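Computed from a predicted model, the values in this text were never measured in an experiment.
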Amino acid sequence: MKLFIAILAMASTASAFSPVNSRHDASTQLHATETFQRSLLARRLGGRATSATASSSANGSTMSDEFVVGILGDLHIDPRKMEDYGVGRSHFLPIFEEGKKKHGNVALVSLGDLGESKSVRPEETSELFAGTTECHEMAAEFLGSFGVPYEVVGGNHDLEGLDEFETDQENLEMYLRVHNKETPQFCRQIADKTLLVGLGSTVFRDAVYTSHEVTIDQAQIDWFENLVVNHPAEEGWKVFVFTHAPPNGSGLRVLQENHVVNGCCWLNHSNEKQCKKFIELVREHRCIKAWFSGHFHLGQDYQDSITFPTIDPKDGPYPNRGSCVFAQTSVMRSGTSRDGRQQSRLIRGNKDGFEICTVDHQKEGKVRLDATITYRGDTNEVGVYAHDDEAYDHDKYFKVYAPSAGDALHPPDDGFRRYNTDGNIEPFDIEMDTVAWWYMSCGRALGMLNGNLIEYDSSTLAPLGLVVGADELVGKKIGVINSGLDADTCQLLFDEEGMEGADCAALAGDLREQAVVLLDKKTNQVTVVQPNEDVSPSA
């Protein structure tokens with residue numbers, strides 16, 4: 001192995017990042033991979049490949065309304081496993097070259113988590129690769145090799161250089177320096193009145209709960225709010241947002257057993273006020289047209305990897321997502337995928353709207369149209385899926401249930417449990433496949449999923465966290481007693497578009513004490529699920 005590295009390190013890196021034609025044959029693709037690996041190995045031994053200079057400044061003067069943006073999900077670069085990165089890069093090069101020749105408005109955005117969160121030299125050290133200077137320098141070189149300006153947002157692993165840096169601030173300063181960034185956020189004008197805007201995580205060691213929560217600091221939130229206020233839809237502005245994790249309320253497919261249970265699913269997941277702030281800004285500011293995220297390592301073959309701001313009333317309740325399309329982004333390297341997909345995103349836009357596409361790295365870079373979004377004036381847009389849910393019939397593992405509170409035209413879904421005339425929810429059996437949810441009188445929402453008792457956001461009904469695990473629940477009964485909320489009256493309060501169930505509970509006005517109770521059918525023992533300080537229950 002040492003001999004192999006030495007031979008590669010002696011080779012010239014001058015043509016390591018030369019463009020590859022989209023109609024490459026197997027030998028061309030192999031050459032692109034070999035030269036890419038050769039360049040990275042040479043750099044580790046003291047050499048350096050040429051790379052494009054990243055810039056976070058806005059583009060100048062009069063611009064075309066056409067643009068192309070490539071979006072890379074969690075890279076988790078491992079210098080021992082570079083083939084997929086070289087191949088993936090070769091798929092984007094012809095797309096970017098075409099865009100540069102046509103209009104010149106081309107950029108690349110990385111959604112963070114740039115390095116592998118384990119040792120890449122386990123025989124020498126236990127130091128994690130993610131978050132180290134070596135990791136970010138390698139990532140910057142890779143991202144800079146696409147021949148177009150790149151932007152990056154910090155993910156939950158990008159400040160993980162625990163052995164190299166004492167504090168998050170020291171780690172962050174290195175990250176910003178290596179990627180030529182002045183701040184964790186960015187704003188780039190990509191086309192006429194069209195902005196690419198990114199927000200990055202700045203907390204790891206100092207996390208209040210889990211270090212893998214994606215935390216956007218308050219300064220960035222304030223900056224973002226000021227930006228959308230000063231670039232209103234009514235003046236023709238269009239904002240495309242990029243973060244590592246999605247915001248609460250996006251409606252995207254998530255992993256209940258992983259990110260939800262561990263409290264790191266949404267941006268600022270553990271901070272209730274900040275967690276809701278992002279979707280509130282989306283609802284208020286119609287200039288926000290799309291929001292792209294990664295984090296889940298899930299593919300792009302499911303329809304709920306893209307969610308639209310509005311849907312036909314015959315298909316369900318109004319989703320209340322402003323004028324924003326949300327899109328999940330997959331991964332480039334095979335070893336990092338949770339469902340076997342290796343895919344990236346591509347945006348193609350103009351004055352009339354934009355297309356969201358998949359670049360499929362398992363199909364020689366085939367570009368597939370996933371959705372077409374058409375602007376309807378400055379404050380509305382209409383999206384159309386371009387393909388069926390390819391996983392619907394066979395991928396049951398990733399089929400995720402999400403509660404629906406309904407609206408003026410639709411009742412709550414079948415899982416909604418109503419209180420009886422005495423203000424109780426009668427105890428019911430809990431099995432692994434039990435689906436049920438309800439509002440507490442305080443406005444919080446609880447429900448059963450996969451045998452777990454889950455807390456849901458009261459406004460968006462997005463899953464927030466685990467209350468009681470399936471190991472303590474399956475085979476028992478659960479109920480709610482001493483409720484003051486008559487859930488049947490909630491439907492009468494849905495006259496206003498976007499009215500949420502939490503508001504229904506608050507307007508009911510009866511906040512009498514409640515108890516969630518568990519009944520062991522074998523011993524007849526009753527356990528009361530007590531509220532935490534934040535009022536969410538715990539056993």
| request: Determine yes or no for a side-chain-to-main-chain donor-acceptor pair under 3.5 angstrom, with H157 supplying the side chain and D113 the backbone. | output: no
| said: Please check: side-chain N/O of Y175 versus main-chain N/O of G154, any donor-acceptor pairing under 3.5 Å? | reply: yes
| request: List the steps, then state whether side chain to side chain contact (heavy atoms under 4.5 Å, CB included) holds for V68 with F92. | output: CA-CA 11 Å; V68 170; F92 272 106; over 6 Å; no
| field | Test item: N268 side-chain N/O and N271 main-chain N/O as donor-acceptor pair under 3.5 Å | value | no
| task | Report yes if some heavy atom in the side chain of L227 is under 4.5 Å from a heavy atom in the side chain of L195; otherwise report no. | result | yes
| Does the side chain to side chain contact (heavy atoms under 4.5 Å, CB included) test come out yes or no for M448 and L453, once each step is laid out? | CA-CA 5 Å; M448 301 302 310; L453 179 61; 3.8 Å; yes
| request: Using the side chain to side chain contact (heavy atoms under 4.5 Å, CB included) rule, take F165 and L172 through it: C-alpha gap first, then chi angles, then the decisive distance, then the call. | output: CA-CA 9 Å; F165 302 99; L172 179 63; over 6 Å; no
| Under 3.5 Å, is there a donor-acceptor pair between the side chain of R345 and the main chain of Q328? | yes
| task | Look at the side chain of D163 and the backbone N and O of L128, then say whether any donor-acceptor pair between them is shorter than 3.5 Å. | result | no
| query | Looking at D168, D217, N171, T183, which one forms a side chain to side chain donor-acceptor pair (under 3.5 Å) with T202? | reply | D217
| message | Tell me whether the rings of H269 and W266 are parallel (<30°), tilted (30 to 60°) or perpendicular (>60°). | response | parallel
| Any Lys/Arg nitrogen of E272 or K276 sitting under 4.0 Å from an Asp/Glu carboxylate oxygen of the other? | yes
| request: Before giving the answer on side chain to side chain contact (heavy atoms under 4.5 Å, CB included), spell out for K277 and E225 the whole-Å C-alpha distance, their side-chain angles and the decisive distance to 0.1 Å. | output: CA-CA 10 Å; K277 181 65 174 179; E225 182 170 13; 3.3 Å; yes
| said: Using 30° and 60° as the class boundaries, would you call the ring planes of H76 and H297 parallel, tilted or perpendicular? | reply: tilted
| field | With R333, the side chain to side chain contact (heavy atoms under 4.5 Å, CB included) member among D84, I77, V87 | value | D84
| query | Hey, does the Lys NZ or Arg CZ of R417 hover above the aromatic six-ring of F428, less than 6.0 Å from the centre and inside 45° of the axis? | reply | yes
| message | Tell me if a side-chain donor or acceptor on E151 pairs with a main-chain N or O of G198 at a distance below 3.5 Å. | response | no
| message | Any side-chain to backbone donor/acceptor pair from Q343 onto Q300? Under 3.5 Å, distance only. | response | yes
